[in-house]
Protein chains: 2
Amino acid sequence: MQGTSMDSKIVNLKSKIEIYKAMTPGANFGDCPVRDVMQGINGKWSPLLVIALAEKPYRFGELRRLVPDISQRMLTQTLHELQRDGYVHREVFPTKPPSVEYSLTDLGRSMFVPLYQLVQWAELHHGMVREARAVFDAQA
Amino acid sequence: MQGTSMDSKIVNLKSKIEIYKAMTPGANFGDCPVRDVMQGINGKWSPLLVIALAEKPYRFGELRRLVPDISQRMLTQTLHELQRDGYVHREVFPTKPPSVEYSLTDLGRSMFVPLYQLVQWAELHHGMVREARAVFDAQA
DNA sequence: CTATGCGCTCTCAAAAAGAGACCAGCACTA
DNA sequence: TAGTGCTGGTCTCTTTTTGAGAGCGCATAG
């Protein structure tokens with residue numbers, strides 16, 4: 001798109017954005033690999049499940065009981081996506097009713113570190129966010 | 001915190017999960033304030049816009065040009081949510097066609113720190129994620 | 001008097017998420 | 001032998017979210 005001119009000011013403006021694009025100049029953000037990865041992490045249930053599995057491996061039913069307000073459909077689907085992206089390992093044990101255990105891979109544990117920092121930030125600041133919302137809603 | 005039975009094993013298992021719930025014992029995750037905050041951060045476009053605004057303030061049209069594959073509707077809506085949650089400040093300048101500038105608040109800059117660490121992780125590891133996907137799709 | 005830029009808002013179609021029924025297999029119970 | 005429950009799912013249907021794009025009020029340019 002504007003890939004031509006770029007005085008140094010614009011280059012500077014775009015540096016962090018370009019990291020998000022992961023240095024693919026012609027691509028738009030829809031194709032961006034970094035956002036692609038972020039989308040996998042950022043799902044509605046993904047962070048919660050990753051945090052759960054960071055504690056220890058869980059079985060399907062255990063996860064369902066641990067996160068009571070997830071539907072089976074979304075639990076299956078989210079675990080499947082996490083497995084596909086390499087964060088989660090799925091192992092089937094041939095017990096009487098076959099049981100399935102989910103655990104974090106090394107990649108998943110690696111990703112958990114910055115993810116959990118963001119969660120900790122959220123824990124520390126959710127009061128401020130709530131207050132900001134209250135102020136905003138009051139004046140609106 | 002949830003003050004009932006719990007052998008230490010279960011307490012240990014749930015510690016990180018409970019942080020995600022932010023210590024509200026009776027609540028399910030749908031009401032969890034931490035996930036509430038995470039949802040605001042984790043939108044499809046939110047991280048990208050926060051990263052852009054971490055560079056410098058932008059005007060509406062500039063953001064639209066910077067992120068070509070966002071629809072106007074989602075840009076308006078995402079900025080509105082970011083403003084409501086206190087991450088973004090919106091200032092209208094009474095110029096001839098009135099222009100609107102968006103900038104990060106202190107809260108937004110604070111949130112940007114862990115968010116950007118996650119983005120940097122994604123930049124470093126998106127190759128591994130892609131490889132994991134290829135392996136998974138090949139065997140499936 | 002058209003034409004364009006600005007910052008939206010509205011409508012409508014498509015995609016994603018949620019609720020919950022259903023399923024096959026095995027064990028235990030009556 | 002039929003009934004019940006537990007396992008990890010899939011299938012269908014409804015609701016919510018997202019995306020594409022037209023329209024709008026205002027103002028300046030030509």
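Throughout, a chain's letter reflects where its sequence line sits, starting with A, and its residues are numbered from 1.
- Atom C1' of nucleotide D:dC6 and atom CG of A:Leu63 are separated by 17 Å, given to the nearest angstrom.
- The distance from atom CG of A:Leu49 to atom P of C:dA17 is 13 Å, rounded to the nearest whole Å.
- Taking atom CE of B:Met74 as the reference point, atom P of C:dT11 lies 18 Å away to the nearest angstrom.
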> Can you check salt bridge (Lys or Arg N to Asp or Glu O under 4.0 Å) on B:Arg133 and A:Asp36, steps first, answer last?
Replying inline: CA-CA 12 Å; B:Arg133 273 187 207 162; A:Asp36 184 37; 2.7 Å; yes
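- Within the 4.0 angstrom heavy-atom criterion, only backbone atoms of the sugar-phosphate kind lie near B:Gln77; the bases stay farther away.
- Here B:Phe93 lies out of heavy-atom contact (under 4.0 Å) with every strand.
- The side chain of A:Phe60 sits closest to D:dG9 out of D:dG9, D:dG21, C:dA17.
- Around atom CD of A:Gln77, more than 12 heavy atoms belonging to other residues, nucleotides or ligands sit under 6.0 Å away.
- Using a 4.0 Å heavy-atom criterion, one finds that B:Arg64 contacts no nucleic acid atom at all.
- At whole-Å resolution of the value, CD in A:Gln39 and P in D:dT18 are 10 Å apart.
- Residues B:Val100 and B:Glu91 form no side-chain contact, since every pair of their non-hydrogen atoms from C-beta on lies 4.5 Å or further apart.
- For B:Leu75 and C:dC6, the CG to C1' distance is 13 Å, given to the nearest whole Å.
- Aromatic ring centroids of B:Phe136 and A:His80 lie under 6.0 Å apart.
- Between B:Arg65 and the phosphate of C:dC6, there is a side-chain N or O to OP1/OP2 separation shorter than 4.0 Å.
- A donor-acceptor contact shorter than 3.5 Å links the side chain of A:Glu62 to the backbone of A:Arg59.
- An OP1 or OP2 oxygen of D:dG8 is reached within less than 4.0 angstrom by a side-chain nitrogen or oxygen of A:Arg59.
- Not one side-chain nitrogen or oxygen of B:Trp45 sits closer than 4.0 Å to the OP1 or OP2 atom of D:dT18.
- As rounded to whole Å, 13 Å separates atom P of D:dG9 from atom CD of A:Glu62.
- Across all strands shown, A:Thr76 has heavy atoms under 4.0 Å from base atoms, whether or not it also approaches the sugar-phosphate.
- Each of B:Arg73 and A:Glu81 lies near DNA chain C, and the nucleotide nearest B:Arg73 is the one positioned closer to the 5' end.
- At whole-Å resolution of the value, CD1 in B:Ile70 and P in D:dG21 are 15 Å apart.
- The side chain of A:Tyr58 contributes no N or O atom lying less than 4.0 Å from OP1 or OP2 of D:dG8.
- When the side-chain nitrogen and oxygen atoms of A:Lys44 are compared with OP1 and OP2 of D:dT17, none of them lie within a distance under 4.0 Å.
- Rounded to whole Å, the distance from CG on A:Asp69 to P on C:dG18 is 9 Å.
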